[in-house]
Asks: 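Input: one structure, supplied below.
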Amino acid sequence: ITPFRWVYHNGQFTASPEEAEVPLGVITQAVKETRAIARKAKIDVDLEWVWDGHQLYWVQMRRITTLGQARLYSNRISQEVQPGLVKPLIWSINIPMVNGVWIDLLTEIIGPNQLNPFDLARSFYYRAYFNMGLLGEVFESIGFPAESLEIMWGLAPRRSGQKMAFRPSPQALRLLPRLLWFAWSKWRLSSVLDRNLPKLEAAFSAIDLASIPEKSPRELLAGIETLYQLNREAAYYNVLAPMLSIIYSYWLRTRLSRLGVDFATLDMGVDTPAFHRFDPNHHLKDLSRAFQDLPPEGRTRISEAPEQDLAGEEGFEEYNARVMALLQDFGHLSDSGNDFSRRPWREDVGLVTRMAVEYMPPAKSRSNRQNFSSLKIPPLKRWWMGILYRRARQFALYREHISYIYTLGYGLFRPYYLALGEHFVKMGWLGNKEDIFYLSRDEIEGVVEGTLAPQNPARLAEQRKEEMEEARDLILPELIFGDEAPPPEVPSLQTLTGVATSRGYSQGRVKVVRGFEDFSKVESGDILVIPYSEVSWTPLFGRAAAVVAEAGGMLSHSSIVAREYGIPAVVSVTGALQLEDNVLVRVDGYRGVVSVLAGEGPAAGQEGENDECTASRKPPKRI
């Protein structure tokens with residue numbers, strides 16, 4: 001017999017048979033009583049029960065002795081913070097730095113512990129997975145659900161209106177002073193951010209890029225250590241500020257919903273100079289205007305050769321000034337803010353020019369936004385909701401500011417390590433300076449310090465490059481049990497599913513974009529298929545009729561920008577990058593479904609309408 005299977009996760013059934021002879025009420029009773037028995041026995045249990053059509057009987061219980069031995073790894077959060085393939089050097093910097101921050105935060109709550117940054121994450125086929133079993137144990141020990149971290153990121157499955165319950169354990173009561181101090185210190189975090197963010201930004205901006213190649217290997221290692229400590233502080237704020245922004249926005253959204261106000265229509269003041277400073281799209285718009293002000297022959301010249309240097313040429317003064325200003329403020333951006341091996345904008349001026357030439361403003365109108373002051377809120381509630389509104393807006397700005405600072409500082413690892421790569425090439429230890437990214441930080445330091453044989457680096461780098469190329473198109477499961485790498489999955493490409501994060505319907509031709517080199521192939525009306533999205537990818541959304549991403553959640557950059565542009569978006573779509581260019585697909589931004597169509601179909605935007613605006617673009621070219 002093939003048994004019926006139910007999975008109960010985070011307060012709901014996440015898997016159940018389409019038809020079963022046992023009523024769901026009986027299964028729900030079995031779940032509740034299983035948990036009660038496990039709590040009373042204080043062990044993990046394997047239970048057997050029978051049901052006679054009227055009553056449920058428990059007949060046998062065994063202790064599960066192997067459950068604690070298998071670790072549970074998830075890529076839900078890593079698809080937000082460390083998507084795609086991760087090179088060894090990136091891994092060896094990011095894991096101790098970012099996971100060290102999480103351990104610092106947990107230590108503030110639970111006190112001294114034995115947590116190790118490399119115990120919190122594992123690489124499978126060069127992709128990041130977090131040890132959710134270990135994190136779950138920590139959260140459960142203080143009375144929160146094991147999935148608390150995923151809930152805070154908006155990634156855990158939840159029923160509508162479900163709250164994150166807190167049931168204090170005896171240990172949580174002992175930790176109450178720490179919990180209260182943690183909550184109080186984070187409530188007062190704004191004063192800390194106001195004081196420290198400008199200092200961090202100034203420290204990163206003071207680093208002279210031109211002097212880095214002139215340093216010796218040992219000087220470069222010393223500079224990297226200083227940079228690492230600065231980035232660790234930035235990473236701490238880069239975790240806290242977005243998390244508190246999510247929490248304040250959630251509180252405000254739930255209270256507004258009780259008054260019948262849609263949070264999405266509330267004007268949070270993001271279209272202001274304070275936010276514009278950290279938004280490259282706003283500055284691209286200014287560069288695009290400077291381009292449009294050029295005479296026709298000037299626009300033609302730039303369009304045909306966007307990479308050319310026009311510095312000092314008559315008639316291009318304003319345009320050149322805008323280019324230099326954009327590179328000064330945003331030249332550190334790349335197509336992955338968590339991978340400093342990617343080329344930044346300052347190394348590809350032609351890319352910046354192409355984005356300005358092809359710039360399209362958001363189609364979404366802000367005319368229907370409501371001001372908080374105009375909302376009809378009872379006087380007794382207005383005071384508290386006013387605090388939440390100001391906090392949500394302020395931390396949204398902090399989130400943008402610290403994200404800007406973090407990507408600025410983190411991107412500085414690249415010139416330091418490329419300078420080391422140049423030294424390695426001169427010594428015959430590597431064939432190409434960028435092969436340095438396929439070595440770990442310890443291995444690089446070992447070569448410089450003389451503890452690793454110089455002939456090893458080239459061989460290690462080549463081996464890892466081959467392994468990453470073989471792993472590039474593999475499809476891996478969301479959850480992995482144990483430390484052994486699972487066999488890759490092979491999904492069907494007829495219907496792909498994910499998380500709907502921007503509403504609407506659209507239909508068009510697929511254009512798969514893996515990085516900057518693919519930007520030029522996206523035309524108006526195309527369905528943009530991406531592995532993830534960074535701030536620097538924003539200009540593509542002006543041409544797309546819909547967005548499909550392999551990674552991401554409700555609060556990922558691709559989701560936020562798609563909502564601003566009024567186009568459908570479906571994220572966390574396993575197998576999206578297996579789609580081929582020019583395949584005709586239909587995107588359902590309500591159900592999170594991407595359907596591959598066998599024949600021709602209508603152009604984008606003709607299938608339906610977004611709740612707030614039509615997801616329309618020019619018809620795609622037929623190829």
Side-chain angles (χ1 to χ4, degrees), residues 68-141 146 148-150 153 221 224-225 227-236 238-240 336-341 406 410 413 417 436-447 449 451-452 456-457 460-461 463-464 467-468 471 476-486:
Q69 298 173 8
R71 296 183 178 184
L72 172 64
Y73 294 95
S74 168
N75 68 358
R76 283 183 188 144
I77 295 176
S78 59
Q79 288 193 47
E80 290 280 344
V81 300
Q82 192 67 71
L85 296 174
V86 185
K87 296 183 179 72
L89 180 56
I90 310 304
W91 180 269
S92 65
I93 294 285
N94 286 11
I95 294 303
M97 185 169 69
V98 178
N99 285 5
V101 165
W102 283 107
I103 291 175
D104 289 346
L105 290 170
L106 292 172
T107 301
E108 291 181 37
I109 298 173
I110 66 176
N113 54 75
Q114 301 299 316
L115 295 174
N116 181 287
F118 288 97
D119 287 339
L120 296 185
R122 175 76 189 276
S123 176
F124 293 96
Y125 297 101
Y126 292 93
R127 290 170 173 83
Y129 279 76
F130 284 105
N131 187 344
M132 302 311 294
L134 181 58
L135 290 170
E137 290 175 6
V138 174
F139 281 110
E140 285 185 324
S141 70
S148 295
L149 194 60
E150 293 170 322
W153 278 84
L221 290 182
I224 287 170
E225 177 58 28
L227 185 61
Y228 179 86
Q229 296 305 325
L230 286 171
N231 272 284
R232 203 176 189 288
E233 182 181 359
Y236 180 83
N238 198 41
V239 168
L240 274 179
S336 177
N338 282 310
D339 184 353
F340 56 79
S341 70
Y406 180 73
Y410 180 79
F413 281 117
Y417 277 109
I436 197 88
F437 299 124
Y438 295 91
L439 305 177
S440 72
R441 182 183 180 184
D442 288 343
E443 290 166 349
I444 294 168
E445 292 177 357
V447 173
E449 300 294 342
T451 59
L452 182 68
N456 288 342
L460 283 174
Q463 175 187 337
R464 289 165 180 170
E467 291 173 349
M468 292 189 72
L476 299 181
E478 181 181 272
L479 297 176
I480 294 177
F481 296 89
D483 293 316
E484 184 178 355

Asks: Side chains of Asn113 and Thr107 only: does a donor on one sit below 3.5 Å from an acceptor on the other?
Replies: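 A pair is found: one side chain offers a donor N or O, the other an acceptor, under 3.5 Å apart.
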Asks: Checking ring pair (Phe, Tyr, Trp, His ring centres under 6.0 Å) for the pair Tyr73/Tyr129: CA distance, chi angles, key distance, verdict?
Replies: CA-CA 6 Å; Tyr73 294 95; Tyr129 279 76; 7.3 Å; no
Asks: Kindly say whether Ala128 contributes a backbone atom to a donor-acceptor pair with the side chain of Ser123 at under 3.5 angstrom?
Replies: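 Side chain of Ser123 to backbone of Ala128, a donor-acceptor pair under 3.5 Å: no, none is there.
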Asks: Between Glu443 (side chain only) and Ser440 (backbone N and O only), is there a donor and an acceptor less than 3.5 Å apart?
Replies: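 Yes.
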Asks: Nearest 0.5 angstrom please: Asp442 CG to Leu89 CG, how far?
Replies: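 Taking CG in Asp442 and CG in Leu89, the distance rounds to 10.5 Å.
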Asks: Hey, mind stepping through Asn75 and Leu476 against side-chain contact (heavy atoms from CB on, under 4.5 Å) and telling me if it holds?
Replies: CA-CA 9 Å; Asn75 68 358; Leu476 299 181; 5.6 Å; no
Asks: Output the distance between atom OH (Tyr126) and atom CH2 (Trp91), rounded to the nearest 0.5 Å.
Replies: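 The CH2 atom of Trp91 is 11.5 Å from OH of Tyr126, to the nearest 0.5 Å.
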Asks: Which heavy atom in Ile90 sits nearest to a heavy atom in Ser341, and how many Å separate them?
Replies: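 Nearest heavy atoms, Ile90 then Ser341: CD1-N, 3.9 Å.
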Asks: Examine the side chains of Glu467 and Gln463 and answer whether a donor and an acceptor come within less than 3.5 Å of each other.
Replies: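 Yes, side-chain donor-acceptor contact under 3.5 Å.
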Asks: Please give me the minimum heavy-atom distance between Arg127 and Gly84, naming the atom from each residue.
Replies: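 Closest approach of Arg127 to Gly84: CG-O, 3.9 Å.
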Asks: Classify the ring geometry between Tyr410 and Tyr406 as parallel (under 30°), tilted (30 to 60°) or perpendicular (over 60°).
Replies: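 Because their plane-to-plane angle is under 30°, the rings of Tyr410 and Tyr406 count as parallel.
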Asks: How far apart are the closest heavy atoms of Tyr125 and Leu85, and which atoms are they?
Replies: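 So the minimum-distance heavy-atom pair works out to O-CD2, 3.5 Å.
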Asks: What is the distance from atom CG of Leu227 to atom CD1 of Ile93, rounded to the nearest 0.5 Å?
Replies: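 Spacing of CG (Leu227) from CD1 (Ile93) equals 8.5 Å.
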Asks: How far does CD1 of Ile436 sit from NZ of Lys87, to the nearest 0.5 angstrom?
Replies: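 These two atoms lie 13.5 Å from each other.
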Asks: Considering only heavy atoms from C-beta outward, does the side chain of Phe413 approach that of Arg441 to under 4.5 Å?
Replies: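 No - every pair of side-chain heavy atoms lies 4.5 Å or more apart.
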Asks: Is Arg122 positioned over the aromatic face of Phe124, cation under 6.0 angstrom from the ring centre and no more than 45 degrees off axis?
Replies: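 The answer is yes; both the distance and angle limits are met.
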Asks: Less than 6.0 angstrom from the centroid, inside 45 degrees of the normal: does Arg464 satisfy that with respect to the ring of Phe437?
Replies: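 No - Arg464 does not lie over the ring of Phe437 by the 6.0 Å and 45° rule.
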Asks: Between Leu115 and Leu106, is there a side-chain heavy-atom distance shorter than 4.5 Å?
Replies: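 Heavy-atom side-chain distance check passes, below 4.5 Å.
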Asks: Sequence neighbours left out, what pairs pass salt bridge (charged side-chain N to carboxylate O under 4.0 Å, His left out) with at least one residue falling in residues 99-112?
Replies: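 Sorted result for residues 99-112: Asp104-Arg232, Glu108-Lys186.
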Asks: How close do Pro96 and Phe118 get, counting heavy atoms only, and between which atoms?
Replies: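 Taking every non-hydrogen atom into account, CD-CZ, 3.7 Å.
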Asks: Taking the side chain from Asn99 and the backbone from Pro117, do they hold a donor-acceptor pair closer than 3.5 Å?
Replies: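 Answer holds: yes.
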Asks: Between Glu225 and Gln229, is a side-chain hydrogen bond (donor to acceptor under 3.5 Å, both in side chains) present by the stated rule, with each step listed?
Replies: CA-CA 6 Å; Glu225 177 58 28; Gln229 296 305 325; 2.8 Å; yes
Asks: Atom CD1 of Ile224 and atom CD1 of Ile444: how far apart are they, to the nearest 0.5 Å?
Replies: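 It comes to 7.0 Å.
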Asks: Where do Leu439 and Ala461 come nearest, in terms of heavy atoms and distance?
Replies: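 Nearest pair, atom of Leu439 first, then Ala461: CD2-N, 4.2 Å.
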Asks: As an exercise, state the distance from CG of Asn231 to CG of Asn94, rounded to the nearest 0.5 Å.
Replies: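 Those atoms lie 9.5 Å apart.
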